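Since the structure is predicted, the reported quantities are computational estimates derived from the model, not experimental observations. Each ligand, and each atom within it, is numbered from 1 in the order the structure gives.
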Amino acid sequence: MLRRLASLPLRRPAAALLAAGVRCISSGSVEITLPLNFWAGKRRTGPEKCSKDIVYEPATGRVLCQLEPCGAVEVDQAVKAAKLAFGYWSKMSGMERARVMIEAAHIIESKREEIAEMEVVNNGKSITEARLDVDSARLCIEYYAGLASTLAGQHVQLPGGSFAYTRREPLGVCVGIGAWNYPFQIAAWKSAPALACGNSMVFKPSPVTPVTAVMLAEIYAKAGVPEGLFNVVQGGQETGSLLCQHPDVAKVSFTGSVPTGQKIMEMASKGVKPVTLELGGKSPLLIFKDSDLENAVRGALMANFLSQGQVCSNGTRVFVQKDILPEFVKEVVKRTQAIEIGDPLLESTRMGALVSQPHLDKVLSFVDRAKKEGATVLCGGESYVPSDPKLRGGYYMTPCVLGNCTDDMTCVKEEIFGPVMSVLPFETEDEVLQRANDTSLGLAAGVFTRHRAGERPGDDRVLLPTEDCVCGDGRCRQPLLDHPATASQSCALRQRL
Ligand SMILES: NC(=O)c1ccc[n+]([C@@H]2O[C@H](COP(=O)([O-])OP(=O)(O)OC[C@H]3O[C@@H](n4cnc5c(N)ncnc54)[C@H](O)[C@@H]3O)[C@@H](O)[C@H]2O)c1
Ligand SMILES: CCCCC=O
């Protein structure tokens, strides 16, 4: 699969090379020549006549491989293979399926370094992160393997001695469509639950990162799944649309942006197919003045700069209580400037390359727009050229902290999906909750404080959940200590506190 361009030593097992302090591959040394489609148990070439897409290595900007996008014929072949495999796999017991999945997890463990390296070469993230991605993919498969034998229905007693029962049945051929930021992991997230429940899958990775999903397909095959159980078709939106609209596809599970998610939901609804959508985010991170500053700063860095900021759940709107803003900003900027950017295959690198040139341009244009809208660049936000000549064509930028931000700025409202943190001051808890929740991209949230709500110094309120209030008004949202019921100790929640 891999052809070395540079003259490197003959390949030895990854563990032995690592122990000797030698990398198995280096940035700029890999060319992928084997076909990247996989169905019915084999790698397959795409359509004979198709315009091939070029896949680049983000660290160097070199051509890594050519992608042959699948058309209707290939999609149909993959779905047919999956349908056939479903017939065998769905009849196996959960325990039998689990055994095969656990074997796949073992194989992943044994190939950890190889998979992580290919993820780095294709995606640009640092090797230290890529290894954790592979571990997380393995754990996901182990977790769902564990669930496979616990799937059970219910027994319902009916009048007159009759009864009803329910069974958990697999749906059939499921489609998985993935984004480029966690290519191997997403292929595992999509396939593990589907396969554990007895389904088969046709998976389409992002055309930007097509490489490691095929490795997963080979691993499943080696572990002993029936031929055609997990298939990979390459391509972009046309291939994705063909999959979503295929009449033999029972369900679509998608990870990607909100606009694409909307299209997929629409297509799936026409075939009355269930969909699972994992979409974009613009998550808030709340840092209160009573928090452990060291901890909060580390949290903010992690929530913004992991994977070059290309993480759906990143806490990119960093709300900091005014009293600690100068101290927080000083420390965050100092540490952001110290982040080592460079060759993602080096152990010392903390930030690798963004996934593609167009994506880098898009992220940089968000920084420009932020400046025009009045934000202050406190550090970074520029393209970066590493000193190593082989990395000069790579897609690097300096991680950016934006100050002087307001809630109406584009950098605060839209998902940038790059290493750009927006810092926003706040004064009170009520204010920050309202502002943090004022988004249509509410994927995740983080809070740094040493106190729970109502226990913070100077804050003598305890919020009372509506359903726990016995004052008689179902819409009651009164803070507990202000509540008329509190004085007479008649409030159930108060008694429990
Ligand atoms: N919530 C999560 O778990 C999660 C995880 C990772 C990434 N994401 C999100 O993914 C986005 C970045 O990924 P991206 O740029 O690859 O997203 P994207 O929406 O552009 O593409 C995602 C996938 O959809 C395919 N696609 C595009 N148009 C399609 C169509 N019309 N029909 C069928 N398939 C189509 C693409 O080829 C790709 O495989 C960000 O918004 C990020 O937040 C979310
Ligand atoms: C680590 C999981 C991140 C998912 C979204 O990008």
Side-chain angles (χ1 to χ4, degrees), residues 36 53 55 58 67 69-70 72 75 119 122-125 129-137 139-140 175-190 193 202-213 232-246 249 252-271 273 275-283 302-316 354-356 358-363 366 414-420 439-446:
L36 293 168
D53 293 340
V55 180
L67 191 77
C70 289
V75 163
E119 198 77 318
N122 195 184
N123 169 281
K125 67 173 69 190
E129 283 188 42
R131 287 188 191 117
L132 300 178
D133 291 4
V134 177
D135 293 345
S136 159
L139 289 169
C140 174
V175 157
I177 297 180
W180 46 256
N181 60 337
Y182 286 92
F184 189 76
Q185 227 184 121
I186 291 176
W189 292 343
K190 298 293 173 211
V202 181
F203 182 76
K204 190 195 82 60
S206 163
V208 187
T209 51
V211 178
T212 51
V232 176
V233 293
Q234 303 286 355
Q237 71 177 66
E238 276 175 35
T239 312
S241 303
L242 286 166
L243 284 169
C244 295
Q245 292 172 42
H246 196 290
V249 166
V252 182
S253 177
F254 168 78
T255 295
S257 64
V258 173
T260 310
Q262 284 168 332
K263 287 183 203 154
I264 284 179
M265 200 168 190
E266 205 178 310
M267 283 187 280
S269 74
K270 290 199 176 125
K273 295 172 190 175
V275 281
T276 299
L277 302 175
E278 295 176 319
L279 306 179
K282 189 74 196 176
S283 302
M302 190 190 80
N304 279 273
F305 301 139
L306 210 65
S307 270
Q308 295 73 249
Q310 302 164 144
V311 185
C312 57
S313 47
N314 266 358
T316 46
L354 274 73
V355 78
S356 68
H359 188 61
L360 172 63
D361 294 342
K362 185 175 151 201
V363 174
F366 267 107
E414 291 184 18
E415 184 183 40
I416 299 177
F417 220 53
V420 183
T439 175
S440 56
L441 292 161
L443 194 62

Considering non-hydrogen atoms of the protein only, which is the closest contact for [atom], and what is the distance?
| atom | result |
| --- | --- |
| atom 14 (P) of ligand 1 | W180 NE1, 3.5 Å |
| atom 17 (O) of ligand 1 | S257 N, 3.5 Å |
| atom 25 (C) of ligand 1 | I177 CG2, 3.7 Å |
| atom 9 (C) of ligand 1 | G256 O, 3.2 Å |
| atom 1 (N) of ligand 1 | L279 O, 2.8 Å |
| atom 2 (C) of ligand 1 | C312 SG, 3.3 Å |
| atom 27 (C) of ligand 1 | T260 CG2, 3.4 Å |
| atom 41 (O) of ligand 1 | E415 OE1, 2.6 Å |

Checklist entry - Below 4.0 Å from any atom of ligand 1, is there a heavy atom belonging to S313? => result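 Outside the 4.0 Å threshold, so no.
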
Checklist entry - Relative to atom 29 (C) of ligand 1, which among Q245, Q237, K282, H359 owns the nearest non-hydrogen atom? => result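 Of the listed residues, Q237 has the closest heavy atom.
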
Next on the checklist: Please compare F417, Y182, F254, W189 and report which has the shortest non-hydrogen distance to atom 22 (C) of ligand 1.
Outcome noted: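 Nearest heavy atom to atom 22 (C) of ligand 1 lies in F254.
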
Under 4.0 Å from a heavy atom of [X]: which atoms of ligand 1 are those, numbered in the order shown and with their elements?
| X | result |
| --- | --- |
| M267 | 32 (N) |
| I264 | 33 (C), 34 (N) |
| A179 | 7 (C), 10 (O), 13 (O), 16 (O) |
| L443 | 1 (N) |
| G178 | 22 (C), 23 (C), 38 (C), 39 (O) |
| G236 | 37 (O) |
| P207 | 37 (O) |
| S241 | 30 (C), 31 (N), 32 (N), 33 (C) |

Need the ligand 2 atom indices (1-based, order shown) with element for anything under 4.0 Å from a heavy-atom of [X].
| X | answer |
| --- | --- |
| N181 | 5 (C), 6 (O) |
| Y182 | 1 (C), 3 (C), 6 (O) |
| C312 | 3 (C), 4 (C), 5 (C), 6 (O) |
| V311 | 3 (C), 6 (O) |

I want to know if ligand 1 touches [X] in the polar sense, i.e. an N/O pair below 3.5 angstrom.
| X | result |
| --- | --- |
| I186 | no |
| T255 | no |
| N181 | no |

Checklist entry - Between Q234 and T239, does any side-chain donor sit less than 3.5 Å from a side-chain acceptor? => result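 No donor-acceptor contact under 3.5 Å links the two side chains.
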
Item to check | S253 and K190 side chains, donor-acceptor separation under 3.5 Å | outcome: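 Present: a donor and an acceptor within the cut-off.
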
Would you say that [X] contacts [Y] through its side chain, given a criterion of any heavy-atom pair below 4.5 Å between the two side chains?
| X | Y | answer |
| --- | --- | --- |
| N122 | P210 | yes |
| V420 | N304 | no |
| E119 | P183 | yes |
| F203 | I186 | yes |

Checklist entry - Do W189 and F184 make the cut of ring centroids closer than 6.0 angstrom? => result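 No, the ring centres sit 6.0 Å or more apart.
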
Checklist entry - Counting only heavy atoms not in M265, do more than 12 sit closer than 6.0 Å to its CE atom? => result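 No, the 6.0 Å shell around CE holds no more than 12 heavy atoms from other groups.
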
Item to check | K125 NZ/CZ over Y182 ring centroid, <6.0 Å and within 45° of normal | outcome: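 The answer is yes; both the distance and angle limits are met.
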
Next on the checklist: Please confirm whether W189 approaches ligand 2 to less than 4.0 Å, judged on its heavy atoms.
Outcome noted: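 Yes; W189 lies near enough to ligand 2 that a heavy-atom distance drops under 4.0 Å.
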
